[in-house]
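Just so you know, residue 1 is the first one in the sequence shown, and it goes up from there. Because the structure is a prediction, the values reported are computed rather than measured.
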Amino acid sequence: MARIRYGARTAAEITAARTASSRLPEIWSTGVVAVWESDPDAVAAVLPPPLEPTGRPLVRATISKVELPGYPLGAGSVAVAAAHRGIEGWYPLVMPMTHERALTGGREVFGEPKKLGEVTVDRDGPVVRAALARHGIAFVEVRGAVSGPLPVPEPARKTDFYFKFLPAVDGSGLDLDPVLVHCLRHEKVRRLERITGDVVLRESMYDPVADLPVHTLVELTLGEKTSDQQGRVVERVSAESLLPYIHQRYDDPQQLLDGPPEGSA
């Protein structure tokens with residue numbers, strides 16, 4: 001009988017897949033990073049407990065293109081500065097990706113708020129334009145020109161915070177108490193340049209980052225970097241405390257509350 005591809009895989013096949021995924025080469029991305037100081041009340045308002053604001057209400061937009069073997073990937077994020085148990089890091093609100101493959105592992109393994117979107121990083125001589133777009137709206141756009149090189153920083157460890165959860169099958173909330181994930185990244189940079197320009201935030205009902213206005217632009221750079229990542233669950237949080245924030249993950253929050261239609265099979 002021919003191989004049934006939806007059938008069970010052997011232990012050897014599972015082991016081989018795990019081994020292959022653990023030996024990924026360094027993958028370098030080219031991208032723009034914009035960091036700005038925003039309204040402290042707005043930053044505090046988007047942080048689910050037990051995350052807390054840091055001493056400075058920072059927002060970070062990352063817009064990158066990644067030359068993955070076989071196909072290029074656009075990857076981005078908009079995150080706010082946050083702290084947990086004395087550890088400072090970033091809490092991403094939205095992470096647009098240009099390919100389905102880039103969504104699956106991040107969402108299902110780490111709880112990353114990834115969504116399909118358009119990610120643009122263009123350079124024409126010194127002129128740079130980078131943008132994150134979904135539903136035809138470029139809700140973050142960076143425009144400027146490279147104005148000089150910057151010192152390459154030492155390798156650094158950075159932390160992102162994610163909440164991993166499952167919507168309840170009956171539409172009543174969540175199946176189980178969510179877990180808070182610390183995602184640790186070891187980042188290396190091989191080239192860094194300063195951009196003189198600005199950040200434009202556009203109104204979008206799907207990605208309302210315009211609620212985090214640019215008060216003071218702190219950093220605007222173009223660089224080449226690579227990183228690895230490892231996640232760990234640090235604690236369970238109550239479904240009740242996270243429920244007011246899970247609309248951040250969905251374009252249509254109502255879909256979480258619809259539940260199965262009566263009589264559906």
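I63 CD1 to D122 CG: the interatomic distance, rounded to the nearest 0.5 Å, is 11.0 Å. For the atom pair W90 CH2 and T159 OG1, the distance stands at 12.0 Å (nearest 0.5 Å). Going from atom CG of L47 over to atom CZ of F161 covers 9.5 Å, rounded to the nearest 0.5 Å. Between R191 atom CZ and T221 atom OG1 the span is 10.5 Å, to the nearest 0.5 Å. Between R232 atom CZ and C183 atom SG the span is 11.0 Å, to the nearest 0.5 Å.
Checking side-chain atoms of S38 against main-chain N and O of V214 turns up no donor-acceptor pair under 3.5 Å. With hydrogens and angles ignored, the 3.5 Å screen pairs a side-chain donor or acceptor of D228 with a backbone N or O of H186. Checking side-chain atoms of T30 against main-chain N and O of E224 turns up no donor-acceptor pair under 3.5 Å. Between the side chain of H84 and the main chain of P49, no donor-acceptor pair closer than 3.5 Å is present. The closest donor-acceptor contact from the side chain of R194 to the backbone of G148 lies at 3.5 Å or more, if one exists at all. A side-chain donor-acceptor contact under 3.5 Å links K164 to the backbone of E108.
Of the charged side-chain nitrogens involved, none lies within less than 4.0 Å of a carboxylate oxygen, so that E187 and R185 do not count as a salt-bridged pair. In summary, R3 and E13 engage in a salt bridge, as defined by a charged side-chain N under 4.0 Å from a carboxylate O. D207 and R134 are joined by a salt bridge, as a carboxylate oxygen and a charged side-chain nitrogen come within less than 4.0 angstrom of each other.
Clustering ILVMFWY residues whenever any of their side-chain heavy atoms sit less than 4.5 angstrom apart, transitively, puts L242 in the very cluster that holds V80. When the side chains of ILVMFWY residues are joined at heavy-atom separations under 4.5 Å, either directly or via intervening members, V140 and Y91 end up in a single hydrophobic cluster.
The number of heavy-atom neighbours closer than 6.0 Å to NZ of K188, taken from other residues, nucleotides and ligands shown, is 12 or below.
Other members of the hydrophobic cluster containing V233, listed by chain and number, are M95, M97, L103, V109, F110, L116, Y162, V179, V181; membership follows side-chain contacts under 4.5 Å among ILVMFWY residues, whether direct or relayed.
Annotation for P244 and S241: closest pair CD-O, 3.4 Å, computed over non-hydrogen atoms.
When side chains are defined from C-beta on, F165 counts as touching R249, because their heavy atoms get closer than 4.5 Å.
The salt bridge (Lys or Arg N to Asp or Glu O under 4.0 Å) contacts involving residues 76-86 comprise R85-E235, where partners must be two or more places apart or lie in separate chains. For the side chain to side chain donor-acceptor pair (under 3.5 Å) condition, no pair includes a residue of residues 41-55, sequence neighbours left out.
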